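This structure is a prediction, so every number in the text was calculated from the model and none was measured. So you know, we letter chains A, B, ... as the sequences are listed, proteins then strands, and number each from 1.
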Amino acid sequence: MSKSEAITLQTFTQGLWKENPVFVMMLGLCPVLAVTNTAMNSLAMGVATTFVLVCSGFLVSLLRHVIPKQVRIASYIIIIATFVTMADYLIQAISLDLYQALGAFIQLIVVNCIILGRAEAYASKNGPLKAVVNGAGMGLGFTFALLCLGVVREVLGSGSLFGLQVMPDAFQPWSIFVLPPGAFFVLAFWLMLFAWIEERKRKGGKAA
Amino acid sequence: MNPGSAPAIFLDAFLINNFVLAMFLGICPFLGVSGKVKTAGNMGMAVTFVMIVSSLCAFGINKLLVRYDLEFLRLICFIAVIASAVQLVEMTIKKFSPALFRALGIFLPLITTNCAILGLALFQTAREYSLVQSIAFSLGAGAGFSLALLLMAGLREKLDLADLPGVARGAALTLILAGMLSLAFMGFAGLGG
Amino acid sequence: MSDADAMEIPPQPSALRLIATLGGIAVMSGLLVVSTVQLTAPRIAENRRVALERAVFSVLPGAVRRESYRVDETGVVQTEANANLYAGYDESGALIGYALEGAARGYQDVVRLLYGFDPETETVIGMTVLQSTETPGLGDKIIHDEAFHENFRLLDVSRPVEVVKAGEKTEPWQIDGISGATVSSQAVGEAIRRGAEQREAVLTFHRADRADPIDPTDRTEEGGTQ
Amino acid sequence: MKMKFGVPPSGGFSEDASATSTVSHARKASRDLKAPGGSRLKAELRSVFRGSFSHGIHPAENKQFTAGKAIRRLPFPERLVLPLSMHAGKPSVPLVRKGQEVVRGEPIARADGFVSVPLHAPASGVISEIRLMPTARGPRTLSLILDVYAGDPQEVGYGAPADVGALSPDEIVTAVQNTGLVGLGGAAFPTHVKMKVPEGSQIDTILINGCECEPFLTTDHRLMLEQAADLVEGTRILMRAMGAKRGIIATEDNKLDAVDAIRKVLKPNDTVSAMAVETKYPQGAEKMLIKSVLNREVPGGTFPSAVGVGVFNVATTAQMGQLMPMQRGVIERVVTVTGPGVQRPGNFMVPIGTPIRWLLETCGFSGSARHLIMGGPMMGGTVSSLDVPITKGCGGLLVLSEHQLTTEAQMRRYPCISCAACVKACPMHLNPCELGRLAYKGQYETMAESYHLNDCFECGSCSYVCPAAIPLVQYFRIAKSSNREKAAKAS
Amino acid sequence: MSEPAVQLKTSPHLRDAHPVDKIMRHVVYALMPICLFSIYQFGLSVLALIICCTLVCVGTEDLFCRLNHRPSTAGDWSAVITGILLALILPPSFPLWMAAVASFVSIAVGKLFFGGLGFNVFNPALVGRAFAQAAFTVPITTWTPAMVQVRFKEFIPSTFTFPFASPPDLRPWMDGLPIDGFTGATPLALMKFDHIDTEAAELFVGTVAGSAGETSSLLILLCGCYLAFRKMLNWKIVASVLGSAALFSLVFWLKSPELYPTPLFTLTSGGLMLGAVFMATDMVSSPVTPLGIVLYGVLIGVVTVMIRLFGGLNEGVMYAILLANAATPLLNDLTQPRIYGATRKPRRKEAKA
Ligand SMILES: Cc1cc2nc3c(=O)[nH]c(=O)nc-3n(C[C@H](O)[C@H](O)[C@H](O)COP(=O)(O)O)c2cc1C
Ligand SMILES: Cc1cc2nc3c(=O)[nH]c(=O)nc-3n(C[C@H](O)[C@H](O)[C@H](O)COP(=O)(O)O)c2cc1C
Ligand SMILES: Cc1cc2nc3c(=O)[nH]c(=O)nc-3n(C[C@H](O)[C@H](O)[C@H](O)COP(=O)(O)O)c2cc1C
Ligand SMILES: Cc1cc2nc3c(=O)[nH]c(=O)nc-3n(C[C@H](O)[C@H](O)[C@H](O)CO)c2cc1C
Ligand code: SF4
Ligand code: SF4
Ligand code: SF4
Ligand code: SF4
Ligand code: FES
């Protein structure tokens with residue numbers, strides 16, 4: 001075991017903020033926009049994606065010395081598709097309503113660039129444990145992003161959170177936030193907010 | 001119009017439930033390749049083309065899988081077959097029409113791992129479309145994707161010459177534009193109903 | 001890292017090796033998927049059944065047991081796969097009515113619904129929306145709006161139903177629309193109107209069925225509702 | 001003195017539609033001098049009957065100050081400044097030394113190659129200095145300073161009668177070069193170069209440009225009235241030299257009296273004819289005029305010879321008709337001095353090299369005016385110093401008022417609002433709106449590659465109509481020169 | 001003679017154009033009669049709506065300029081136009097707090113986000129309304145009758161809804177009004193869902209329900225003529241929008257007159273007239289090339305009628321204009337004018353001189 005196998009806290013937290021797959025790397029945006037009309041959907045999607053990230057990362061890392069370079073992408077895709085299919089059936093078994101709300105987007109995790117990207121850039125070069133921890137971090141970052149959108153969209157658009165009413169009765173819901181345009185606007189809002197925070201940090205750093 | 005008719009399906013994927021603006025499929029290329037009108041046009045063509053190919057493939061495979069009761073392998077087969085079909089098409093084009101390859105070629109490998117393509121295959125299967133319906137669906141989806149991409153590219157080219165405020169740089173600008181396009185496309189709701 | 005690099009130095013592996021690897025992975029993936037499917041299949045079937053029954057029982061008030069049929073141009077046949085017609089019975093085994101599916105284009109997309117049909121009075125006795133993407137706060141009132149659902153407690157379908165403005169219902173075959181969501185309300189009406197032919201087939205079947213009563217409990221065992 | 005603007009012209013050409021509209025705009029015009037130059041409907045109706053190009057603008061003509069005033073000769077100034085490069089092409093080479101005496105009409109500099117012309121002494125006197133002097137074009141250039149002998153009779157002592165009819169086309173071209181004639185319409189391009197028909201081209205029509213579409217200026221108008229015979233003679237020389245079958249003298253329809261004056265000296269069934277086209281800016285641009293008169297379009301990047309036409313200015317042609325039979329050189333020209341800033345406006349025959357300070361003093365310069373323009377208000381340039389001389393290409397001196405300047409400055413700059421006014425104005429059918437937006441972002445290459453920047457001839461119509469006060473032409477000049485520099489660097 | 005300080009400038013030294021702020025001011029003048037008429041029709045609530053929208057629009061513009069430490073551009077009148085037009089295309093009963101939100105979105109997202117005057121790609125007022133339509137779907141489709149007697153004495157109850165609360169149900173209030181048979185339906189809704197035709201004359205003078213300012217086509221047309229006459233508005237856009245809409249609906253009317261409205265109805269009903277005259281003509285978001293302008297107008301006309309006749313909505317002007325705005329850069333690109341002298345053949349046959 002070389003030094004690079006050491007698992008640091010950073011292996012995990014990397015995906016949360018500094019390399020957040022959505023806000024920083026702008027990957028996997030389709031599900032981010034499509035399924036975040038409620039917080040519950042966002043959470044489920046995030047968990048499913050994390051599951052696939054962790055499992056495929058583990059398997060790819062295990063097999064990294066076995067798979068020849070020429071067929072690695074094909075192999076990764078098959079491995080990922082396998083876990084996505086598993087997630088698909090598991091969700092059906094857990095709740096049909098959830099399954100219907102997420103629609104085809106569970107299956108579309110296959111083409112989510114985050115996962116193939118992690119397999120190619122990280123899992124294929126690191127040990128299984130590290131790959132799992134990193135995958136979990138990335139998945140958590142992705143879930144965080146999904147929830148950022150989901151919470152705002154559900155609270156403003158329906159006046160509720162995880163299906164429970166949180167706004168007073170008189171509150172007028174802004175249905176645009178659960179409609180397609182709202183998804184774009186809320187994501188744009190978060191991007192601007194994070195860009196602004198980053199800039200403040202940079203400026204603050206310089207001033208200090 | 002009968003909702004199951006081919007024109008209705010085409011119109012639905014093209015305008016009413018636009019693949020990009022209402023269904024959120026293919027957002028990555030939509031954000032990434034919409035900087036220049038010319039590239040956007042080529043990308044639109046390439047995507048439409050791949051959509052038709054993969055729609056046909058998916059239709060055939062699904063028939064086979066259903067026949068042998070192997071639906072649970074659907075996803076794995078779809079992704080594998082679409083990827084190889086596009087690869088094959090790419091090689092064919094490269095061989096027979098270098099000009100077309102220059103226009104479409106660089107996009108083809110990118111497109112394969114794009115939700116719009118797989119999404120199309122999955123949706124047409126879930127909705128149990130016939131062959132004709134599937135073709136109408138893929139044409140509509142391709143046209144819808146191209147239209148959204150071209151409009152976006154036009155707007156972004158125009159805004160290249162604007163005095164944008166600091167917050168409006170980069171992805172946020174594109175997303176706000178996409179939101180407004182999506183708002184405008186809401187006008188098509190219920191068309192032909 | 002070092003051994004990963006070492007792996008990349010050997011030249012072109014043989015084609016056999018490539019195929020073998022892919023094959024191996026495919027087999028492994030097949031195993032994983034199949035075992036997941038096996039593991040989850042009963043739960044999924046159960047989920048489906050519960051959801052279906054919830055819907056059927058909600059449009060046939062009082063029903064506790066159902067049977068599945070398929071109705072199309074050729075008539076009505078009993079089947080579990082591809083079913084689109086459900087008969088509902090109450091605790092005493094008496095027929096409450098049939099649940100039929102309907103669909104029509106709404107404001108945004110197709111609205112799919114299930115409604116209960118009482119063949120004796122030729123009325124609709126309940127309705128539930130199976131699938132709709134109507135606008136939240138406007139069109140989606142067809143799902144939960146109490147006043148709107150009141151229309152379907154006793155709706156005469158012996159003649160074409162009409163959708164009228166909210167509060168203007170005067171005849172038993174009329175539906176009070178939801179104001180501000182005329183299109184969605186029209187879609188519900190249209191879906192029920194379109195079902196006339198199916199209901200005709202159901203009526204024929206029902207009358208034949210009544211004329212030649214079979215013990216419903218037998219049928220349940222054959223049909224394998226479990 | 002307070003000037004009234006927008007008063008109907010007193011001259012004999014008031015048939016013009018602008019007369020009515022200037023009255024209706026008189027109140028406004030007296031304030032800011034900006035009355036649109038004619039009822040649009042009438043103008044459009046008129047263009048059905050008279051040939052015209054599409055687009056363009058109708059600025060207030062403001063020619064009434066000087067249109068009725070005959071050309072007057074002024075006394076000689078004390079000293080003349082003669083830049084050696086008052087024409088396009090290579091500068092002339094001096095033939096005189098410091099302190100040398102010269103006689104009026106004597107060649108004092110020779111042409112340096114084909115695209116260059118000689119220079120003749122505009123007055124008898126002595127060359128007091130040869131040094132760098134400011135010119136209207138901007139940079140200081142080598143100039144001959146000529147101290148005029150006061151009290152000299154100022155007879156032209158050079159030249160001999162010659163039979164122009166006996167010369168071959170090539171001999172005519174050489175003879176024209178010897179007169180030092182350059183385009184007096186403003187470009188100051190050596191005339192003999194334009195007379196040399198390019199290999200493979202054939203010229204069928206000589207078009208004499210008497211449009212004078214710039215507001216205020218009346219030089220060409222007066223020339224057509226007073227020197228019609230010389231003008232027709234010059235046209236015939238040009239036709240013979242270039243092998244053209246016909247000559248057309250074209251002016252705008254606010255100068256119909258000039259058409260009459262020319263027709264008086266024409267023979268019956270003459271190969272030379274006179275006609276009027278619509279009054280509209282920039283009717284005088286050669287490409288527009290060719291379109292209006294002959295309905296031909298000069299392809300981008302080529303010269304009129306590509307469509308079988310030679311275009312020459314009225315003043316150039318009249319000088320040719322006057323000088324060629326005597327084999328003399330260009331020593332004087334007509335200049336309109338006008339504008340609200342001068343007290344005694346008029347058309348004057350002045351020696352080349354007259355400093356504008358002297359000319360302005362003679363005409364009663366109010367001194368407070370700061371907006372001094374050489375040429376017309378649309379294309380002329382401001383001058384950096386009152387010491388610059390009148391050169392061969394300068395046909396007008398315009399002094400705008402203080403008031404005019406301040407209203408101009410008050411017009412606030414806005415971003416382009418895409419109003420398309422400029423698109424509707426551009427006679428070249430370019431898209432100044434898009435060009436302006438590109439220029440704003442410094443994308444000069446795109447302007448040339450995709451938006452035909454190089455076809456813009458800087459007429460200023462777009463800037464004139466822009467409600468956002470965007471300096472479009474200025475942008476385009478900068479863009480062109482930046483592109484030229486880049487190309488020069490690359491090669 | 002004193003040596004004057006000569007000023008160096010480049011040509012042209014003259015200009016003849018109405019400055020931008022003057023054009024904008026005159027559009028405001030032209031909107032005034034429409035505002036007055038709509039206040040006359042609907043009463044105090046519309047007055048409050050117009051004031052609220054205008055103030056929020058101008059305020060937002062000013063605020064963001066201040067935040068960016070730039071000179072305020074609120075004085076160029078364009079934000080005033082946005083505010084007034086936005087108020088005119090909202091229902092009279094629209095709660096003020098929602099109108100304020102729409103106004104804020106108009107200016108902040110629809111205009112300043114893209115760099116302010118001249119750079120916005122969509123019509124700001126319509127961005128505001130489209131946002132409100134998607135966000136507050138019910139209040140924005142709630143219509144009240146025109147000419148109710150109490151209109152100058154009291155506000156419509158929903159006008160002063162508490163911020164962020166949903167507006168009260170208007171039915172009790174309307175039931176209390178001394179008018180009978182009002183269904184709260186606009187002429188377009190009546191046409192679309194019940195095939196009830198409204199008299200064209202009624203539409204022309206505007207005594208029907210509808211958005212605040214979209215009801216008298218005659219007045220709108222007159223005000224538009226004033227602007228067109230002063231060359232502050234491109235009549236070609238208006239003509240191509242109205243012409244194509246009339247032609248397109250004529251085709252369907254001839255096919256089945258009992259199902260589809262007459263072209264005159266199409267032109268005079270709903271927001272088409274206001275949209276064609278005041279909103280499609282916003283130069284910032286429309287093309288500049290001669291052909292592009294016509295195509296833009298035709299696109300608006302055709303899409304409007306298409307949505308009205310075959311779509312889920314009964315009015316489509318707003319979406320049609322937004323779509324045409326989106327297509328504007330492409331239209332500009334595709335219709336670059338043929339420049340002078342851009343002929344392949346260097347020498348053309350001489351035409352009659
Ligand atoms: C964003 C948006 C969403 C809408 N959603 C629906 C809808 O889901 N169902 C519906 O019937 N009408 C919907 N409408 C309104 C209809 O198109 C139409 O205005 C309404 O049905 C007219 O009905 P009314 O006559 O009852 O007011 C929506 C309108 C907008 C602007
Ligand atoms: C290198 C060069 C060659 C020219 N050759 C010709 C020519 O062959 N025939 C011609 O009519 N004009 C010729 N011209 C002159 C131009 O056509 C034109 O008269 C001159 O640039 C001024 O035109 P403007 O006053 O319209 O700008 C030439 C100009 C240049 C710079
Ligand atoms: C915008 C513009 C306006 C012009 N107007 C006139 C004009 O009114 N009269 C004129 O003689 N030349 C005018 N010219 C110059 C002509 O294009 C052309 O160069 C000239 O008539 C050639 O004659 P010349 O070489 O004898 O000067 C104009 C050029 C431009 C670019
Ligand atoms: C004829 C004309 C029409 C206009 N129409 C609108 C409009 O519909 N909506 C709007 O927000 N501003 C309108 N404006 C004002 C201005 O152009 C608009 O605020 C700009 O889009 C802001 O950049 C109009 C201006 C003019 C001159
Ligand atoms: S120099 Fe000026 S005024 Fe004279 S003809 Fe040329 S453009 Fe017209
Ligand atoms: S200056 Fe150039 S762009 Fe402007 S109107 Fe004249 S030719 Fe057209
Ligand atoms: S700057 Fe333009 S108009 Fe002037 S000479 Fe060059 S190309 Fe011709
Ligand atoms: S005239 Fe000025 S404001 Fe109008 S389009 Fe042209 S450059 Fe833009
Ligand atoms: S996530 Fe949809 S294309 Fe990348």
Side-chain angles (χ1 to χ4, degrees), chain D residues 34 36 59 215 287 293-300 302 306-308 361 365 367-373 377-386 400 405 408 411-412 414-421 423 427-431 433-434 452 455 460 463-469 473-474 477, chain E residues 1-24 73 75-76 78 115-119 231-234 236 282-290 292-293 328 332-333 336-353:
Chain D
K34 273 190 203 162
K287 288 184 170 185
V293 174
L294 302 168
N295 195 22
R296 297 179 195 167
E297 286 188 9
V298 184
T302 66
V307 291
E361 276 168 12
F365 180 37
S368 69
R370 289 181 296 153
H371 206 155
L372 198 80
I373 299 160
M378 295 304 296
M379 291 195 76
T382 45
V383 290
S384 51
S385 147
L386 289 182
L400 293 177
L405 256 184
E408 179 76 7
M411 185 142 172
R412 230 185 100 189
Y414 284 96
C416 167
I417 57 165
S418 302
C419 68
V423 181
M428 287 303 288
H429 292 214
L430 305 180
N431 187 344
C433 169
E434 190 68 32
H452 310 283
D455 282 291
S463 300
Y464 180 79
V465 296
C466 178
V473 205
Q474 284 87 329
R477 287 191 193 116
Chain E
M1 187 178 76
S2 64
E3 188 70 19
V6 178
Q7 181 163 345
L8 283 181
K9 273 189 80 233
T10 46
S11 61
H13 305 280
L14 294 179
R15 286 176 187 280
D16 178 35
H18 304 300
V20 170
D21 51 346
K22 183 173 165 198
I23 297 181
M24 298 295 170
T73 50
D76 63 21
S78 71
L117 178 70
F119 296 116
K231 295 211 191 314
M232 292 167 171
L233 170 154
N234 192 341
K236 282 186 192 141
D282 174 20
M283 48 271 264
V284 176
S285 46
S286 58
V288 294
T289 61
I293 282 174
T328 291
N332 266 338
D333 260 14
Q336 282 303 315
R338 190 200 79 98
I339 74 156
Y340 172 102
T343 150
R344 288 281 130 231
K345 290 166 282 175
R347 190 162 181 168
R348 282 210 276 162
K349 202 75 221 122
E350 187 198 328
K352 186 94 195 78

When rounded to the nearest 0.5 Å, the distance separating CD of D/Glu434 from CG of E/Asp333 is 7.5 Å
Return the minimal non-hydrogen interatomic distance between E/Pro12 and D/Gly460, and the atom names on each side. CG-O, 3.6 Å
Taking all non-hydrogen atoms of both residues, which atom of E/Arg338 and which atom of D/His429 are closest, and how far apart? O-CB, 3.4 Å
Sub-3.5 Å donor-acceptor pair from the side chain of D/Tyr414 to the main-chain atoms of E/Leu117, do we have one? no
Is it the side chain or the backbone of E/Asn332 that comes within 4.5 Å of chain D heavy atoms, both, or neither? neither
Between E/Gln336, E/Met232, E/His18, who has the most heavy-atom pairs with chain D when the cutoff is under 4.5 Å? E/Gln336
Derivation and outcome, side-chain contact (heavy atoms from CB on, under 4.5 Å), residues D/Leu430 and E/Tyr340: CA-CA 8 Å; D/Leu430 305 180; E/Tyr340 172 102; over 6 Å; no
What are the two closest heavy atoms between D/Ser418 and E/Ser286, and how far apart are they? CB-O, 4.4 Å
Atom CD1 of E/Ile23 and atom CD1 of D/Ile417: how far apart are they, to the nearest 0.5 Å? 5.0 Å
Can you tell me which portion of D/Ser463 sits under 4.5 Å from chain E's heavy atoms? Options are side chain, backbone, both or neither. both
Is chain E contacted by the side chain of D/Cys433, its backbone, both, or neither, given a heavy-atom distance below 4.5 Å? side chain
Closest non-hydrogen atoms of E/Val288 and D/Val423, given as atom of the first, atom of the second and distance, are O-CG1, 3.8 Å
